[in-house]
There are 2 protein chains.
Amino acid sequence: MAASTLAEVAKLAGVSPATASRVLNGSSRKPGEDIAERVRQAAESLGYVPNAQAQALAKSSTGLIGLVVHDIADPYFSAIARGVQQVAREQHRMVLLATTGGTPVDEREAVAAFAARRADSIVIAGTRSTRTEDAAANLELAAELDRYCRNGGQVAVVGQPIVGAQETDGYHVVTIPNIALAEKLATSLAGLHDGPFVIIAGPAGLATSDERIEGFQRGLAKASLSPAEVIRAGFNREGGFEAGKELASRIQPRQSGEPALRHCIFAANDVMAIGAAASLRENGLRIPRDVAIAGFDDIETLRDFRPSLSTVRLPLEEIGSLATLSTVEHHRETSGQITGQVILRRSTEPS
Amino acid sequence: MAASTLAEVAKLAGVSPATASRVLNGSSRKPGEDIAERVRQAAESLGYVPNAQAQALAKSSTGLIGLVVHDIADPYFSAIARGVQQVAREQHRMVLLATTGGTPVDEREAVAAFAARRADSIVIAGTRSTRTEDAAANLELAAELDRYCRNGGQVAVVGQPIVGAQETDGYHVVTIPNIALAEKLATSLAGLHDGPFVIIAGPAGLATSDERIEGFQRGLAKASLSPAEVIRAGFNREGGFEAGKELASRIQPRQSGEPALRHCIFAANDVMAIGAAASLRENGLRIPRDVAIAGFDDIETLRDFRPSLSTVRLPLEEIGSLATLSTVEHHRETSGQITGQVILRRSTEPS
DNA sequence: TTGCAGCGGGAATGCGCTTTCCCAAATTCC
DNA sequence: GGAATTTGGGAAAGCGCATTCCCGCTGCAA
């Protein structure tokens, strides 16, 4: 048995479908109270549930927000998702979720699927790729988004602009000031450490990772320190772990009384930092005694980590909310100004 | 400018809409290759994107999977979400996300919204509430689900059955053996500790929490130990933190040489355990020296926590996948047998 | 050659709803 | 009291697509 329809309700109430529609689904025209009541009764007794698909088709607005992330189980993205979800609830919309693993090809596919579902807006989170082998896919993604916008869609991208995207209206960017913040972090750390700096980052071509490297190096340069060595690995916990392992093989635990030559590691995000810390520890290095380490993002779940991790706080939830709001008509003027702040904790304490 | 339609494509290709439909959206009837090519060309040049709403309306199947969770940023739920998402991708479906904060009222609302969107299936994660003040809402939720199932919907609920739900077909439960696993954990811990046991749990009436308490107490009883005291708090990190604080005020750090009277805490989930550990530490208690602690879930992000947390591993991702699969026609026979395992780590090491 | 099955394409209907347009009755105004 | 207006309801035309039914055509056996 299929769900009952508006027409059935109307018949039971002895009115026309038009009238039933008007009373049940907020129209500007309000039928008389007696009739309205009869219709509501009928709807109730039939267990009527309006067919959102049909409604969407008829009034061409779906109330859908498409969210694309790399991995919903990554706390970075789930925090953003929470922000998106929150706005969605307030606006009485629903969010459609797509995970892509970060490849532009899949992102394009996700956008196409959202477009097909006629989502009112699309929020894209996750770093852009500037790798040459992704160039073609990026272009296609940009084209897909462009088409979507031309058809009246709203898109917000979190982090940095899509490579090659047009400046159509309906296209919003919530920029994350990775460079500036990483620079600040470097400046802060430079005041505490003079040991060699090392950056554990994602593969070359991940915009977020690259920006954070750039900012950090810039900060070191301004402090007249030589540039940090950069170790590349996966942009996740495993990558951090691997990089940490490699690093550990080169670093000796400090002998007591020995002059301080302590490495200071900047991991391009918190989960990498945690991974690195884990492998350093496994190799007998202690934090912050033998090596200092800082991350980026200030992931909530990781705040109880010991030693507490120095990092850069990003208002992830707010970022998600802001991105979503910027796609909503009413708040179109929302500025995408995101601020973060350096948080120094125990993991980088001077010895 | 609205997106172009099938009719426009058909006209441009000089064929009927029927034919265009057949070539573009996998029908059983395949038009001739020459015509097909012409249609594809036309579609390409117009940037045609099929309207999934209209398709859904016409063939009454949306390819939508509704997922309801308490909080998408909670790693427990985001892990499950990943599993759901994965199956969704394989099946070429999309997931609709709703977060409820755990109240049956909002869950009902979410289910109604999914039903309105004609989602093919609904996955509900998160503990049931058995509180009397939620009884009415639970019943309404059950009724909503029942109606949804009668209309041909598939629902899977993770954890425990919905209170008062009918045994309609289309209604599946992926049971999490909280009681048995908590009992196992208690048994394991009873072999290592004889100090007083304390349970830090969520509010009374949260099924998952209550089940874990029950199992744990049962395990203690079987080991001929007296029941653990139960401290109630929020079923999240904050709750754990609060409970830990209260507990800390009663526990003294062990003086060296003093006979062992070490509390062993079982927190009803990992994030509570982490919260509790944080406040215990703030109060000068060291783990596992002064107090032992175990959690439940084995949240991935928390595995690098130090001291490493004893817990019960739950295959959360698999749970999400299984639940989703059970709602899909082809795999309807999927059994909902979930197994977990006790993992003893350093946080409960005997002194 | 005729008859029939089989195939490729088009016309038309309907999915469930919103909304414009239309019409009758009720109301207002002079 | 009649005309002008407002009000409240219904008829009907889509929204964009899938699909059933139908029709003309070809290929084959009789």
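Residue numbering restarts at 1 for every chain, and letters A, B, ... go by the order of the sequence lines.
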Tell me the interatomic distance from [X], atom [atom1], to [N], atom [atom2], rounded to whole angstroms.
X         : N       : atom1 : atom2 : value
Glu33(A)  : dT7(D)  : CD    : P     : 17 Å
Ile35(B)  : dC7(C)  : CD1   : P     : 17 Å
Arg117(B) : dC17(C) : CZ    : C1'   : 14 Å
Lys11(A)  : dG10(D) : NZ    : C1'   : 17 Å
Asn51(A)  : dT18(C) : CG    : C1'   : 13 Å
Arg118(A) : dG16(D) : CZ    : P     : 8 Å

**Message:** So Leu6(B), base contact, sugar-phosphate only, or nothing? Heavy-atom distance under 4.0 Å.
**Reply:**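 Sugar-phosphate contact only.
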
**Message:** Taking any heavy-atom pair under 4.0 Å as a contact, classify Pro50(B): base, sugar-phosphate, or nothing.
**Reply:**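 The residue Pro50(B) makes sugar-phosphate contact but no base contact.
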
From [options], pick the nucleotide closest to the side chain of [X]?
X        : options                   : result
Leu57(A) : dG16(C), dG9(D), dA18(D)  : dG16(C)
Ser16(A) : dG16(C), dG10(D), dT19(D) : dG10(D)
Thr19(B) : dA12(D), dT19(D), dG9(C)  : dG9(C)
Val15(B) : dT18(C), dG10(C), dC17(D) : dG10(C)
Lys59(B) : dA12(D), dC17(D), dT19(D) : dT19(D)

**Request:** Respond yes when some side-chain nitrogen or oxygen of Gln55(B) is under 4.0 Å from OP1 or OP2 of dC17(D), and no when none is.
**Result:**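 So the side chain of Gln55(B) is outside the cut-off, no N or O lying under 4.0 Å from OP1 or OP2 of dC17(D).
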
**Request:** For Tyr48(A) and for Asp34(B), find the nucleotide of DNA chain C with the closest heavy atom, then tell me which residue's nucleotide is more 5'.
**Result:**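 The residue whose closest nucleotide sits nearer the 5' end is Asp34(B).
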
**Prompt:** Is there a side-chain contact (heavy atoms from CB on, under 4.5 Å) between Asp120(A) and Gln154(A) once you walk through the steps?
**Reply:** CA-CA 7 Å; Asp120(A) 294 337; Gln154(A) 297 282 318; over 6 Å; no

**Message:** Would the distance check show the side chain of Gln160(B) and the main-chain N or O of Arg128(B) forming a donor-acceptor pair, the cut-off being under 3.5 Å?
**Reply:**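 Side chain of Gln160(B) to backbone of Arg128(B): a pair is present.
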
**Message:** Test your reading of the model: is there a side-chain donor-acceptor pair from Tyr148(B) to the backbone of Ala119(B), 3.5 Å cut-off?
**Reply:**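 Answer holds: yes.
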
**Request:** Confirm from the modelled atom types if Arg22(A) and dG10(D) form a donor-acceptor pair under 3.5 Å, side chain to base only.
**Result:**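 Yes.
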
**Minimum side-chain heavy-atom gap Arg82(A)-Thr99(B) below 4.5 Å** =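 Result no, sub-4.5 Å side-chain heavy-atom pair not found.
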
**Request:** Run the salt-bridge test on Glu37(B) and Arg40(B) with the 4.0 Å N-O cut-off and return the result as yes or no.
**Result:**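 The answer is yes: the pair qualifies as a salt bridge.
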
